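Following: one structure in structure tokens, then a few remarks.
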Amino acid sequence: MDAMEFPVKFSKSGTSRLTDGTPDYYRQLLALGAITEPHSLPITPDFGIWDPTFNAVEKGQFVLHAARFVPEVEIGQIDSSIDDSGQNVVSFSFTIRG
């Protein structure tokens, strides 16, 4: 039995592992950090951002999280807002260091 590798991409044809160091790889890591609440992962309890369900994501917290857990990237811009349906919308840009 094969183990599931991280991070993965889901598509109509199934799943595939994202290639380390690609923009999609880092985009997925950052997005997972934005939707994971701290203390929900036993191995890395500090990974994630506190639940922003009723507030926009704290931009500073997102940048600090990225610097700590994904130091290979530099956050260029981050926008966070609550849309008309009450959904938290986060968009960000980044560059890969080096």
Side-chain angles (χ1 to χ4, degrees):
M1 180 173 169
D2 290 335
M4 183 175 201
E5 294 186 35
F6 178 81
V8 296
K9 177 174 79 173
F10 297 95
S11 66
K12 291 180 182 179
S13 61
T15 62
S16 61
R17 186 177 186 283
L18 294 173
T19 303
D20 290 358
T22 62
D24 284 342
Y25 174 85
Y26 291 119
R27 191 174 295 110
Q28 174 123 359
L29 286 177
L30 292 165
L32 287 170
I35 63 170
T36 301
E37 189 157 327
H39 305 289
S40 62
L41 301 175
I43 295 175
T44 52
D46 294 332
F47 182 80
I49 297 174
W50 290 109
D51 185 7
T53 302
F54 300 106
N55 300 303
V57 167
E58 170 60 42
K59 295 176 186 180
Q61 191 178 27
F62 183 88
V63 171
L64 288 172
H65 170 80
R68 181 172 182 194
F69 291 101
V70 194
E72 303 90 346
V73 303
E74 182 176 341
I75 303 298
Q77 177 183 350
I78 177 168
D79 293 310
S80 176
S81 61
I82 306 294
D83 68 12
D84 293 338
S85 67
Q87 184 174 356
N88 198 341
V89 179
V90 178
S91 60
F92 56 87
S93 65
F94 63 90
T95 55
I96 300 171
R97 297 177 195 265

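Note that the coordinates shown come from a computational prediction; the quantities given were computed from them, not determined experimentally.
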Minimum heavy-atom separation for Asp46 and His39, please, with both atom names. OD1-CE1, 4.5 Å
Considering non-hydrogen atoms only, spot the tightest contact between Ile78 and Lys59 and give its length. O-CE, 3.5 Å
Let's go through Phe69 and Leu29 carefully: what are the C-alpha distance in whole Å and the side-chain angles of both, what is the deciding distance for side chain to side chain contact (heavy atoms under 4.5 Å, CB included) to 0.1 Å, and is it a yes or a no? CA-CA 9 Å; Phe69 291 101; Leu29 286 177; over 6 Å; no
Residues in salt bridge (charged side-chain N to carboxylate O under 4.0 Å, His left out) with Asp83, at least two apart? none
Apply side chain to side chain contact (heavy atoms under 4.5 Å, CB included) to the pair Leu64 and Gln61, showing each step before the final yes or no. CA-CA 5 Å; Leu64 288 172; Gln61 191 178 27; 5.8 Å; no
If you look only at pairs with a residue in residues 76-98, which of them pass as a ring pair (Phe, Tyr, Trp, His ring centres under 6.0 Å), with sequence neighbours excluded? Phe62-Phe92
Quick check for you: to the nearest 0.5 Å, what is the distance between Glu74 atom CD and Ile96 atom CD1? 12.0 Å
